[in-house]
Amino acid sequence: MNYKTEAITKYLRSAVAAQANMGIDFKKDEFHIIDKEDLIQGKIGLEVCQSIFAEASKSAFENENESNEKSFIKVIICAKAIKTIFEANEKTQDEIDELTGIFYIPVILDQQGMLSYNQIDKKIPWFPREYLHPMVEPKLAIGNAETVDDYISNHVDQIEKIKSWSDYTAFFKTFYESIAESKFEEKTIRNMEDQASALELENNMYVFIDKTVHSTFHIMRLYNHLMKEDQPKPLYDNFISTEIANINPLVENDIARMQVHSGQMGGEYSLSPSQREAVNHFNCMEDGEILAVNGPPGTGKTTLLQSIVADMYVKRALNQEKAPLVVASSTNNQAVTNIIASFGNIKKMGISNLEERWIEGVDSFAAYFPSGSKIKEAKSQGYQYTNQKGEFFFSDVEDKGNIEKSEGKLIESCNEYFKTQYKDINACKNRLHEELLFFEKSKNTLLSLAQEAAQYDLNGQTLDQYLIGLQDEMKVKQEVVSTIGQRVKDWEDCYNRMPFFCKLLKFIKPFSRKIQTAFRLFMNNEEQGFINEYMSLDEIKEKYSQQYAVYNKGTYDLRKKKDSVEKIKSRYDKELKELERHHIFFYEKEEEKYRLEMDFINDVLDKKIRYITFWLAVHYYECRWVSGEDKLSKKQKGRNFKNVLDQFYSRLSMITPCLVMTFYMLPRQFLAYGDQKNFFLYNYIDLLIVDEAGQVSPEIAAGAFSLAKKAIVVGDIYQIEPIWAINPGLDKALAWSHGVVESLGEFELLEKAGLNTSRSSVMKVAAKCCKYEKFDERGLFLREHRRCYDEIINYSNKLVYKGNLQPMRGKGSQDQKLAIKEWPQMGFRQVDTDVSYRKGNSRCNQREAEKIVAWLKGNVNLIEEVYSQEPVENLVGVITPFRAQVGCIKKELKKQMPRYATKISIGTVHTFQGAERRIIILSTVYGRHDGCFFIDENESLMNVAVSRAKDNFFVFGDINCLKDTQNSASGLLKKAIGSNAVPTVATQ
């Protein structure tokens with residue numbers, strides 16, 4: 001590992017480490033007070049204990065996935081906090097917040113008030129990273145980050161030996177004293193930034209319910225290994241490079257690219273032009289490359305990812321290779337579960353029994369690797385979930401009885417599809433592979449025929465129409481040729497009728513004039529252009545002979561062209577008949593039968609051949625799975641030796657082409673054991689897919705790139721950004737201290753590459769790595785938007801996408817199938833409010849909440865009726881900027897419409913990321929005198945809010961809070977809703 005790579009790796013690792021050791025905000029989190037003696041004795045008062053458990057019970061009640069009956073809970077004790085000193089009612093330390101915690105101790109609390117060390121999680125005490133050197137803008141420094149790391153590293157054995165509370169007390173006291181250079185019992189601590197004066201500490205200690213998740217453990221472990229490992233890792237090196245990739249020309253959608261594309265997971269629609277462009281560029285990638293694809297809402301990101309996975313899967317099957325290992329990942333669970341849901345919901349097109357799984361126990365193309373806390377949810381949602389040990393789903397399908405049932409089902413299904421009588425799996429596998437080869441050849445033949453046809457300039461005509469046109473042209477030319485022969489004969493007759501002496505003495509002027517006069521009278525209008533009376537008969541015949549040759553050659557050329565096109569048609573007919581023999585009817589309408597434009601044929605191939613080859617590949621790999629390829633022995637199961645993991649992932653990839661996990665879980669799945677040590681499987685994953693990459697902070701994902709060969713990164717920088725755990729000051733300090741930048745002034749270079757951890761995303765880093773650009777921005781761009789009516793998405797198109805989106809759904813006002821015609825696509829309900837009111841750090845508007853629920857109550861029956869084919873949960877969503885307003889609306893909904901309390905989604909913009917509803921209501925909350933800071937603060941939030949609505953987006957609130965200037969998000973919204981008032985109750 002070179003110096004620069006090592007420096008950036010250490011920097012990223014430190015950024016991750018800092019996130020696990022952040023301070024707790026006393027303003028946001030509820031806390032309880034205990035005495036110092038309570039901590040030392042390991043027991044807190046019963047009253048405080050009951051209060052903590054009551055808070056925990058309330059929290060669990062709000063979260064339906066948690067039980068509210070617990071015998072113990074995890075808590076964090078803030079053992080040391082800086083005391084705020086006032087003089088003359090003024091703080092003496094303006095730069096330090098009130099109740100600033102500097103030392104936190106995680107513990108277990110039982111219902112009797114007893115404290116104990118968490119033996120399972122082995123979570124240890126910490127000092128917030130922002131108060132440890134190095135730092136850029138020091139305010140409060142209590143120690144050095146390096147000293148903390150060294151202390152933990154040197155006391156691993158002591159941590160492992162902690163059994164009793166006294167053991168734990170001894171550890172955290174010594175730890176504190178070593179870093180702070182102060183006795184644990186002392187009421188002051190030295191500030192390294194001001195050695196002359198000590199900081200006074202609070203007498204009390206504070207207990208918080210532990211809401212932190214030790215989620216970065218596996219990421220940290222990977223970084224630790226990366227710093228010691230010199231094995232080349234091209235994809236990781238590309239990701240962390242500060243160099244900006246050179247721009248290459250975009251790849252054209254030519255026949256070579258079309259023929260390379262082999263598989264498609266969906267058969268309902270062909271790829272859009274920009275989706276196809278992305279697939280073509282992906283197919284040009286080499287190992288170590290990253291393809292960035294900007295995907296605005298409703299532009300088919302999921303379809304694109306499915307297409308790429310299907311294409312890889314089919315290609316491997318065609319070559320009889322192992323199934324590709326594809327991993328899709330993101331940081332938030334919503335993005336991950338969206339992928340799982342999409343891979344389990346492929347619409348069937350009614351092709352015999354081909355579109356069914358021919359094995360037992362598998363109903364999705366995705367396998368989920370959840371964290372322990374998400375297993376219950378995964379089970380309730382019916383996901384196919386497993387882990388590196390091969391438990392749960394994998395264990396169930398690998399059961400001997402299930403494989404035996406699958407073998408019988410597979411042979412029976414294969415015989416049903418092919419109308420055969422095969423007796424064994426191998427025969428089925430061979431037939432499926434033969435069928436794959438046939439369709440691959442047929443696809444390429446059809447594209448070649450389309451290319452051949454393209455040279456004849458069909459101009460939108462079908463092949464049979466073009467042939468009729470050629471025939472007509474030939475007929476016209478043949479008629480002209482026939483006319484020329486007759487006319488030459490007529491001229492000869494005209495000349496022969498002249499007196500002999502005139503012809504004999506034509507060299508004498510009076511006689512030649514007589515001939516000219518006769519010729520002038522005999523000429524017709526058509527001949528005026530190429531014949532004159534001064535020509536001799538021989539000259540006239542010469543002119544006609546030239547025309548004869550031209551028309552004769554034209555007829556010959558047309559006949560030759562006709563013969564060639566007929567040969568193309570004949571070969572095309574033959575190919576169609578062959579396809580029919582294989583149960584494929586290529587064209588859907590008779591008038592489209594002979595449409596041979598390249599793009600049209602390529603689109604049909606998506607829905608027909610590429611879709612069918614995917615299913616054939618599915619069953620081909622099912623055969624290999626049933627036949628026992630790479631089957632694990634009893635001794636191997638649950639082990640993580642490399643050869644065992646090779647077999648495990650090989651078998652899993654055969655039946656589920658896409659493995660889905662968060663970046664927090666990903667490193668754990670590719671940690672192997674061998675030669676008496678643990679090691680990571682670098683360059684192992686064939687393709688890493690990053691979804692919602694605009695929400696992923698670089699340091700969380702970077703390590704995962706070392707485990708893969710190539711990556712496609714899909715996201716949208718104009719949607720909600722990551723929640724950054726690192727502030728810019730700490731970020732600069734980390735970059736400088738690890739030698740990533742030689743001076744703080746160079747930090748801008750890191751920001752330009754997107755590798756900074758305080759204000760960046762994986763999408764920005766991928767753009768830096770991507771060799772292509774579209775619309776003057778790095779990366780490709782999915783532009784065809786199909787979710788929202790044009791009136792709705794036009795708002796986002798103007799707000800952030802610079803008009804580059806191409807609305808495809810059409811205007812709602814012109815849609816004859818519009819659900820509720822009385823409602824505008826963008827509209828408002830005026831709720832007169834002077835000012836909203838504060839609730840803690842949030843805002844509420846009770847009147848607005850009441851009006852929203854009242855409107856819903858009056859219209860919900862109609863909404864359910866017109867959308868009767870859809871689940872109620874998919875119909876209405878209420879979005880608001882403030883958490884307090886979410887609670888307010890939910891409370892009102894329970895009061896007025898209890899039956900719909902769980903069926904109508906209510907939340908902040910963040911909770912709706914990746915979701916869609918038929919109708920979205922925005923509760924602005926602000927009064928007319930408040931302004932609309934939240935709406936104008938971040939354009940991404942309004943982009944997400946509006947683009948969730950498929951049919952209608954309604955603003956409920958005081959419209960006067962919105963600005964009048966159209967260069968702001970609120971001003972643009974005000975123009976979009978215009979005077980479109982939403983009726984109180986629709987009568988449709």
Side-chain angles (χ1 to χ4, degrees), residues 9-22 106 118 120-124 126 129 149 152-153 156 159-160 210 212-229 231 233 235-236 239-240 325 327-333 335-336 367-375 378 385-392 638-642 644-645 648-649 652 659-674 677-685 688-691 696-708 711 722 725-726 757 762:
T9 301
K10 286 181 177 179
Y11 158 68
L12 294 170
R13 178 199 174 279
S14 294
V16 173
Q19 295 173 40
N21 300 317
M22 302 301 287
N118 187 341
I120 298 173
D121 293 343
K122 296 191 184 300
K123 200 169 183 179
I124 61 172
W126 76 88
R129 177 60 185 81
D149 286 345
I152 299 298
S153 299
V156 172
I159 295 168
E160 289 295 322
D210 190 350
T212 64
V213 180
H214 195 34
S215 56
T216 58
F217 174 81
H218 303 298
I219 297 175
M220 286 293 291
R221 194 173 187 180
L222 174 56
Y223 276 125
N224 291 339
H225 196 271
L226 272 169
M227 291 192 296
K228 304 172 189 172
E229 176 57 53
Q231 178 184 345
K233 296 171 280 291
L235 189 67
Y236 176 70
F239 187 87
I240 67 169
L325 179 56
V327 174
S329 191
S330 195
T331 46
N332 68 74
N333 216 53
V336 163
Y368 181 30
F369 287 71
S371 63
S373 64
K374 295 295 180 181
I375 287 177
Y385 65 96
T386 186
N387 55 25
Q388 190 199 52
K389 293 180 179 179
E391 296 176 317
F392 313 115
R639 301 297 189 92
N640 69 331
F641 295 113
K642 183 182 182 299
V644 173
L645 291 180
F648 166 66
Y649 285 117
L652 188 55
L659 313 185
V660 186
M661 58 199 76
T662 65
F663 280 114
Y664 300 105
M665 292 300 296
L666 195 153
R668 180 182 182 182
Q669 312 313 321
F670 298 96
L671 179 67
Y673 181 81
K677 63 179 181 179
N678 286 309
F679 59 94
F680 284 94
L681 300 174
Y682 296 117
N683 311 313
Y684 190 75
I685 300 166
L688 175 64
I689 295 172
V690 184
D691 194 19
V696 185
S697 196
E699 74 280 5
I700 297 299
F705 282 74
S706 69
L707 305 172
I726 304 297
T757 62
V762 168

Do [X] and [Y] come within less than 4.5 Å of each other through their side chains, counting heavy atoms only?
X	Y	answer
Tyr236	Asn683	no
Pro106	Asn118	no
Arg639	Tyr673	no
Arg221	Asn678	yes
Tyr368	Thr386	no

Rounded to the nearest 0.5 Å, how far apart are [atom1] of [X] and [atom2] of [Y]?
X	Y	atom1	atom2	value
Leu226	Lys233	CG	NZ	6.0 Å
Glu699	Thr9	CD	OG1	13.0 Å
Asn640	Lys389	CG	NZ	9.0 Å
Gln231	His225	CD	NE2	9.0 Å
Leu12	Thr757	CG	OG1	7.5 Å
Ile685	Phe705	CD1	CZ	10.5 Å

Of all the heavy-atom pairs spanning [X] and [Y], show the shortest one and how long it is.
X	Y	value
Val696	Asp691	CG2-O, 4.4 Å
Tyr223	Pro698	OH-O, 4.5 Å
Met661	Leu666	SD-CA, 3.6 Å
Phe369	Tyr649	CZ-CE2, 4.1 Å
Leu645	Gln388	CD2-CG, 3.5 Å
Thr331	Thr662	O-CG2, 4.0 Å

Leu222/Leu707 under side-chain contact (heavy atoms from CB on, under 4.5 Å): CA gap, chis, key distance, verdict: CA-CA 10 Å; Leu222 174 56; Leu707 305 172; 4.2 Å; yes
Check the pair Lys642 / Phe679 against side-chain contact (heavy atoms from CB on, under 4.5 Å), numbers first and verdict last. CA-CA 9 Å; Lys642 183 182 182 299; Phe679 59 94; 4.1 Å; yes
Evaluate Phe663 against Val762 for side-chain contact (heavy atoms from CB on, under 4.5 Å), listing each step before the verdict. CA-CA 12 Å; Phe663 280 114; Val762 168; 5.6 Å; no
Is the backbone N or O of Val336 less than 3.5 Å from a side-chain atom of Ser330, with the two atoms forming a donor-acceptor pair by type?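 Not confirmed, Ser330 side chain does not pair with Val336 backbone.
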